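Since the structure comes first, as structure tokens, the remarks are kept for the end.
As the structure is a prediction and not an experimental result, all values here were calculated from the model. Chain letters run A, B, ... following the sequence lines, proteins first, then strands; residues in each count from 1.
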2 protein chains.
Amino acid sequence: MADIISHPRGRVTAARERAQAQDAEPVPASGSEADDIIELLFFAYRDFISDPDAILADFGFGRAHHRVLHFVDRHPGMRVADLLEILKITKQSLGRVLKQLIDSGFVEQQPGALDRRERLLFTTAQGGELAARLREPQSRRINDALAGLSLEARRQVAGFLLAMVNETEREDVAGRVYENERPRP
Amino acid sequence: MADIISHPRGRVTAARERAQAQDAEPVPASGSEADDIIELLFFAYRDFISDPDAILADFGFGRAHHRVLHFVDRHPGMRVADLLEILKITKQSLGRVLKQLIDSGFVEQQPGALDRRERLLFTTAQGGELAARLREPQSRRINDALAGLSLEARRQVAGFLLAMVNETEREDVAGRVYENERPRP
DNA sequence: AAATTATGTCAGCCATATTGACATATTTTT
DNA sequence: AAAAATATGTCAATATGGCTGACATAATTT
């Protein structure tokens with residue numbers, strides 16, 4: 001593990017030293033592999049989602065808008081109910097941000113051709129542009145992080161992330177994520 | 001990529017079909033590798049953090065408490081300033097949850113032995129127990145997700161996550177995450 | 001005709017984040 | 001010793017994005 005990155009001495013170990021200086025209680029058992037990944041996931045996600053925040057602020061939007069815009073852009077024709085299932089929020093919560101995105105011309109609704117109760121969601125040209133702008137720094141970050149890895153390793157990384165999803169939804173998620181890559185029957 | 005998981009037909013492709021039935025505009029370009037990972041990260045993290053929520057609710061705590069408790073437990077003797085830097089929130093935001101954790105006996109403060117302005121943070125026995133309880137489902141999820149992978153692949157997964165962290169902080173994060181694993185000089 | 005479904009909306013509540021201003025104790029600098 | 005800087009805490013106001021509950025409308029299914 002130590003070869004992943006160098007561990008310079010410095011403030012990095014300051015907390016340990018302070019704790020030791022304090023009363024010499026032993027520092028707790030070292031992190032297991034899973035414990036390390038708990039923290040890595042926190043830090044990775046923290047920085048991953050920080051990228052788009054500055055852009056969003058220019059439009060008066062927040063992360064909730066980003067999530068909606070992203071999924072509508074990538075999966076056009078999605079129903080409101082699909083979005084609720086994906087985001088795992090209530091329709092009241094979604095309603096507010098969706099309304100703002102529609103009113104400001106980033107998302108539009110069309111009644112379903114088959115079932116006219118449905119409001120199918122699409123991004124407008126403007127919405128597609130913003131979605132792409134928000135995606136760009138995240139894609140760059142991911143590509144940089146994958147840079148040294150073989151195709152096999154990349155698959156393992158993606159497989160790990162997919163395996164982190166609740167088993168009951170894993171196939172749905174895989175279907176959604178990879179839907180555009182699957183050859184149509 | 002298609003071999004990672006089977007892609008059953010069904011509602012998974014429903015959005016595409018609805019969009020197609022709608023007006024036959026072509027479905028947008030397929031997701032690049034990075035685009036897939038953007039979504040996988042969202043779903044993985046969504047479920048990863050959902051585990052502890054039920055437990056926290058029993059104590060009247062939220063995710064903010066979880067984050068504080070986790071870092072204080074894993075890095076005892078941490079200063080308030082360290083926590084602010086890690087969580088990237090303001091001291092006012094931290095103040096509230098920290099006060100609640102202290103008042104309810106999960107975290108305690110000790111003035112620093114070297115610099116008595118500092119309030120070094122430690123979990124109490126009760127706090128350590130709760131931190132462990134919260135960690136358990138997350139560790140299990142991670143171990144399950146790593147299950148099929150070689151040691152090499154596991155390193156690559158951890159390396160990927162670390163590489164997702166802002167370059168400017170990557171060494172600090174690595175130091176923090178792996179601090180207990182590094183042999184002391 | 002009745003029941004169900006998909007969606008929207010009003011109203012209020014809560015958790016967690018923000019900015020800005022100011023207070024206290026302690027350490028460091030001059 | 002006095003002044004400046006640092007670590008922390010706190011008051012007050014505000015914003016975002018969740019939540020529950022209740023109710024309404026349109027369209028589809030039974």
[atom1] of [X] versus [atom2] of [N]: gap in Å, rounded?
{"X": "A:Phe61", "N": "D:dG17", "atom1": "CZ", "atom2": "P", "result": "10 Å"}
{"X": "B:Leu94", "N": "D:dA7", "atom1": "CG", "atom2": "C1'", "result": "13 Å"}
{"X": "B:Met78", "N": "D:dT8", "atom1": "CE", "atom2": "P", "result": "12 Å"}
{"X": "A:Ile89", "N": "D:dC19", "atom1": "CD1", "atom2": "P", "result": "6 Å"}
{"X": "B:Ile49", "N": "C:dA15", "atom1": "CD1", "atom2": "C1'", "result": "14 Å"}
{"X": "B:Leu84", "N": "D:dT6", "atom1": "CG", "atom2": "P", "result": "16 Å"}
{"X": "B:Asp53", "N": "C:dA15", "atom1": "CG", "atom2": "P", "result": "13 Å"}
{"X": "A:Arg63", "N": "C:dA15", "atom1": "CZ", "atom2": "C1'", "result": "15 Å"}

* To do: Give a yes/no answer on whether the side chain of B:Arg79 brings an N or O atom under 4.0 Å of OP1 or OP2 in D:dG9.
  => no
* Asked: Think A:His65 has a side-chain N or O under 4.0 angstrom from the OP1 or OP2 of D:dG17?
  -> yes
* Asked: Out of C:dT16, C:dT7, D:dG17, which nucleotide sits closest to the side chain of B:Ala64?
  ->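 The listed nucleotide nearest to B:Ala64's side chain is C:dT16.
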* Euclidean distance, B:Leu101 CG relative to B:Leu130 CG, rounded to 0.5 Å -> 8.5 Å
* Asked: If you measure from the Lys or Arg side-chain nitrogens to the Asp or Glu carboxylate oxygens, is any gap between A:Arg74 and B:Asp36 under 4.0 Å?
  ->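 Yes, charged N to carboxylate O under 4.0 Å.
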[X]: what forms a side-chain contact (heavy atoms from CB on, under 4.5 Å) with it, not counting sequence neighbours?
{"X": "A:Arg116", "value": "none"}
{"X": "B:Arg133", "value": "B:Ile55, B:Asp58, B:Phe59"}
{"X": "B:Ser150", "value": "B:Glu152, B:Ala153"}

* Asked: Within the structure shown, what part of the strands sits under 4.0 Å from A:Gly95 by heavy-atom distance: base, sugar-phosphate, or nothing?
  ->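 No contact.
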* To do: Summarise protein proximity over nucleotides 19-30 of chain C in one line of letters, 5' to 3': B for base, S for sugar-phosphate only, - for none, counting protein heavy atoms closer than 4.0 Å.
  => BBB---BBS---
* To do: In sequence, state the C-alpha distance, the side-chain angles, and the governing distance for A:Asp144 and A:Arg141, and then conclude on salt bridge (Lys or Arg N to Asp or Glu O under 4.0 Å).
  => CA-CA 5 Å; A:Asp144 289 353; A:Arg141 182 184 292 269; over 6 Å; no
* Over all heavy atoms of both residues, which pair between A:Leu69 and A:Ala131 is shortest? Give the atoms and the distance, please. => CD2-N, 3.8 Å
* Tell me, which of residues 97-109 of chain B have any heavy atom that sits under 4.0 Å from an atom in DNA chain D? ->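 Correct list: B:Gln109.
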* To do: Mind running side chain to side chain contact (heavy atoms under 4.5 Å, CB included) on B:Ile89 and B:Leu83 for me, showing each step along the way?
  => CA-CA 9 Å; B:Ile89 58 175; B:Leu83 217 33; over 6 Å; no
* To do: Check if the side chain of A:Arg96 and the base of D:dG17 share a donor-acceptor pair of N or O atoms closer than 3.5 Å.
  =>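 Indeed there is one.
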Please list every donor-acceptor pair under 3.5 Å in which a side-chain atom of residues 40-47 of chain A meets a protein atom from a residue at least two apart or in another chain.
| from | atom 1 | to | atom 2 | distance (Å) |
| --- | --- | --- | --- | --- |
| A:Arg46 | NH1 | B:Ile86 | O | 2.8 |
| A:Arg46 | NH2 | B:Glu169 | OE1 | 3.3 |
| A:Asp47 | OD2 | B:Asn166 | N | 2.8 |

